[in-house]
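All remarks here apply to the structure that follows.
For clarity, every value in this text was computed on a predicted model and none was experimentally measured. Protein chains get the first letters and strands the later ones, always in sequence-line order, with residue 1 at the start of each.
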Amino acid sequence: MNRRAVSFVEIVIALGILIVCMVPVLTMFGSAGRAVLKSQNLGFAIGFAHRISQHLLAMPFESVTEVPLPGQPVADGPDDEFFNPVSNFGTTGANALRITKAQTPDLWAFLRKYEFRYALIVNNVNFAAGDRMKCVGIIITWKEGGKDLLYKLYTYVPDI
Amino acid sequence: MSTGSTRSPGTAGSSPTQDLRKLLAAWADEAGDPLQRPTWADLQLLLLPLKGAPSAFWDTLLPSLPPSQALLATMTLARFDATVRAAFLKRACSVAPLMPPSQAAVLLKLFPHDLVLAGFGPALLAPPPLGPLAAYLLARLGITISPGDLPAVLTATPPASAPLENLARLVPPDQLAAVIEDLTASLASASGASRPALEMFLNILRSERRSELAEPAWARPAPDQEQPQARPPASGAPPTPRPGSPLAQAQARLSGMAVETPAPAATKVSGILPQGLLDLASGIDRHVLIGIGAIVISIPLVLLSTTGVSPDAPVATPMPRKVDKAPKYWTDAVSKRRITHEFLAADNDFQMGEMFLVRQEYGEALSLFRDALSRDPEHVGAQFRIGCCLFLSGDRQGAAKAMTTALEMQQDLPEAHLYLARIAAANDEWEPCLAHYQKEFELTGEILVALEYAGVLRKLGRFPEAIALLSGLPPRFAGHLEVVNLLAQLRDDAKEQSP
Amino acid sequence: MFQTSERPKAGVTLVELLIGTAILAVILGIVSRWFFMQREYQQRLSRVSEIQEDFRRASWNMIQELQMARVIIWPRINADKSLHSDTKLVFKDFNGQIISYYHESATRQIRRCVIPNGPGGVVINPRPIGEGIASASFTASSFDNRLISFHLSSGGVHALDAVYLLNGD
């Protein structure tokens, strides 16, 4: 009878291979985390789009103009009617805060990390003299996990 | 949507025109230089043989394409082949007014500036809407024109601030002072009609601050019901001048196509090189010659550049490329569907159609939904709405066909069965009608569906089924006034019917 | 005729032991570090998820009432036509009552109170309309006082939204 024994090194190497093989299985637990991240960004995008839609209602009709794709970045973006300046606790425009690294680092970092942008697709429709509307497609895009994601919201802006 | 794989044209069972449309749509979706896109290899097999086709062919094809595809195709053909360049640039000028100016500018960015100038330079002399559009496009692309052509262009430009602002950006900055001086001198002799525009233009040139680029107003051309795509406008085309006239000379200059004298360098070279070598070179393919020449020139340059480099010399790092290009596609964060530019355009049309549908303008709505469907054949919403428009316009047969197609695209589409049930009821086809009501009710459980369904059952005298249907409604609907009334009526009818 | 070979003695050499221990230590180190990172990541994500839920609830409550309101009383656009922000918002609701939303940074809540038009004290709602909100600002964004933007933030999570008053005076 010839019984072959297992050496200690073989056991250790076998354990190591087992652990390495378990890692992909265990990464499944990360998928729940990714779902939360996705919903965070989607929720943010929904609020963004809603904000734009409300601002569109307050803007003069002729000022509602197209912002073509790929869209305007929100962080470090120019002054527009929607996001910049974002707030102003002072009594003059000199105190206005914009979404920049210096003034709103937290918000800026979040927006830059996912490269949030917004675009507007504007179509003018004249039903009759004095009866005009704009069909505005609000497109919010961002990057997540190497993918380009998009949320769209359509709104109709009357000329009142 | 094209994934970059090669498709062979002439798929069995499809016509060349259908293949051409599909390839054009796929090619337009891709990003980058139009001649380098993956689908271009297949598309040129179809497109290039057609470039010499009679005008009637292109006059039929181009209006049936989405304007963006038509513009891309005409500009690419113009770029690819110098022999047909003029004709296709003219076609591009007639297509450009059919789309939003900003969209046209984005497309034209893909082409060399000299080509864009050759096409849209002469268009500056055209009446609105083409003339102001051309000024906007050239200004947007940063192209300038020769100051000598400004008087002719000014004569053709309407005296409004927006087009003149754009025109001001076409003046080369280093020649601004000279232009102002010349125009001021000509102001004295200007006629009454052209004086206001000239004065306004001079004021704009003199002011140091430029306002934002003024995008010309663009209204979607009213689509024809028969042909969903708009026809090119009859007006607005560049004028065709007499040969040799000042206008013709201005057009020629604006297109950047100055008359070229035979290249003296060629004669000099042909004088220097031996005839035998020239004969040999003429027999070899031009591209091979260029490649050989490039290799012959670059090897010594590389050798030269790599010698004498100090190990301490700073390494020049390239400027980071600013990526400001839309990706080829996005993923919808809600539906996880792939969203291409073409889908967005289709969805845009769809939303516009919804607006007209609400206003009960079914003809306009129908053509917009058809546009949407032609851009994105998988747009279930558009297909469904086509059915709705046809139904509301009285075309029940067309509506039934459209709804059936919509159901083939998405089996659980809400309301499709409801419309089919109504159509069947209008045609007195009761069994299909009831089947569709049943399916719709199973899908949506809506109270309105239940009420309609029960109404039809009552009309057919099937009271017990109607009573069972309404009694089985969820508790939140059970107390609804209409449900209570109808149930009471059904019970009365059932009592009268029973012996 | 038959050859017998001497059977080697079973055992572990010191070198094998050392190598095995080193390999095991490296592998365990990598895996344990990964586990700790995952645990921290999961905790952060559940925190983010709770904050998002708080924002959604607060936004919903405010938007429902503001949409039907008549006019924004405070904040108002500055004299030089720039935006003006504040941590409190005062508006006239649909029924003509003067309502205020204000942020309490100590309790991280947004609360609602009714300001009487005549004599009497302020009536504060017993339940806050938003909780777990580290900072909130309301910004007057239009000259006709019918648009109010708000920015909520907490723990690195942000929400930007706005409401247009449909029943503006």
Side-chain angles (χ1 to χ4, degrees), chain A residues 2-5 7-13 15-17 19-20 22-23 26-27 29-30 32-37 39-40 43-44 46-59 74 81-83 85-97 99 104 106-107 109-111, chain C residues 7 10-13 16-17 19-21 23-24 26-28 30-31 34-35 38 41-42 44-46 48-49 51-52 55-56 59 63 75 78-87 137-144 146-153 156-164 166:
Chain A
N2 194 4
R3 279 168 40 178
R4 189 178 176 285
S7 75
F8 183 67
V9 174
E10 284 171 346
I11 292 171
V12 167
I13 291 172
L15 271 174
I17 292 170
I19 290 169
V20 166
M22 285 292 289
V23 166
L26 296 170
T27 53
F29 293 110
R34 284 194 292 280
V36 171
L37 256 183
S39 94
Q40 173 191 1
F44 191 69
I46 292 170
F48 249 32
H50 184 253
R51 179 181 172 113
I52 294 174
S53 72
Q54 300 297 290
H55 279 252
L56 286 170
L57 291 174
M59 285 164 66
V74 184
E81 300 280 349
F82 309 113
F83 297 110
V86 68
S87 61
N88 180 12
F89 288 92
T91 50
T92 66
N95 307 111
L97 292 179
I99 305 177
T104 53
D106 210 15
L107 180 58
F110 170 70
L111 292 171
Chain C
R7 205 169 137 210
V12 180
T13 66
E16 283 177 349
L17 205 61
I19 292 170
T21 309
I23 294 170
L24 192 65
V26 164
I27 292 171
L28 279 177
I30 293 169
V31 172
W34 180 84
F35 267 118
Q38 278 294 313
Y41 181 63
Q42 294 291 341
R44 186 163 64 86
L45 287 173
S46 68
V48 163
S49 175
I51 292 171
Q52 271 194 291
F55 284 174
R56 261 197 288 273
S59 297
I63 287 171
N78 286 330
D80 67 349
K81 303 202 190 319
S82 59
L83 310 177
H84 187 72
S85 307
D86 207 316
T87 55
S137 66
F138 303 97
T139 303
S141 301
S142 77
F143 300 110
D144 56 1
R146 289 178 67 177
L147 179 69
I148 197 80
S149 310
F150 50 90
H151 174 202
L152 309 176
S153 74
V157 183
H158 296 265
L160 289 167
D161 211 329
V163 182
Y164 182 73
L166 297 171

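- Interface remark: C/His84 contributes backbone and side-chain atoms alike to the contact with chain A (heavy atom separation under 4.5 Å).
- Closest of all the heavy-atom pairs between A/Arg51 and C/Ala162 is CG-CB, 3.7 Å.
- For the set C/Ser59, C/Ala140, C/Ser149, C/Pro75, the entry with the most heavy-atom pairs within less than 4.5 Å of chain A is C/Ser149.
- The NE2 atom of C/His158 sits 9.5 Å away from atom CD1 of A/Ile99, with the distance rounded to the nearest 0.5 Å.
- The greatest number of non-hydrogen atom pairs below 4.5 Å with chain A, out of C/Ser142, C/Ser82, C/Ser153, C/Ser85, is found for C/Ser85.
- When heavy atoms are compared at a cutoff of 4.5 Å, C/Phe138 does not approach chain A at all.
- Considering only heavy-atom pairs separated by less than 4.5 Å from chain C, the leading option among A/Asn95, A/Asn88, A/Leu97, A/Leu57 is A/Asn88.
- The closest side-chain heavy-atom distance from C/Thr87 to A/Phe89 is below 4.5 Å.
- Listed here is the closest heavy atom pair of C/Leu147 and A/Gln54: CD1-O, 3.6 Å.
- Side chain of C/Asn78 to main chain of A/Gly90: a donor-acceptor pair is present (N/O by atom type, distance under 3.5 Å, no hydrogens or angles).
- A donor-acceptor distance shorter than 3.5 angstrom exists from the side chain of C/Asp80 to the backbone of A/Gly93, with no hydrogens or angles considered.
- Of the atoms belonging to A/Ala58, heavy atoms from both backbone and side chain fall under 4.5 Å from chain C.
- Heavy atoms closer than 4.5 Å to chain A are found in the side chain of C/Ile63, but not in its backbone.
- Only the side chain of C/Thr139 has a heavy atom closer than 4.5 Å to any heavy atom of chain A.
- Heavy atoms closer than 4.5 Å to chain A are found in both the backbone and the side chain of C/Leu24.
- The two residues A/Phe48 and C/Leu160 have their closest heavy-atom pair at CE1-CD1, 3.4 Å.
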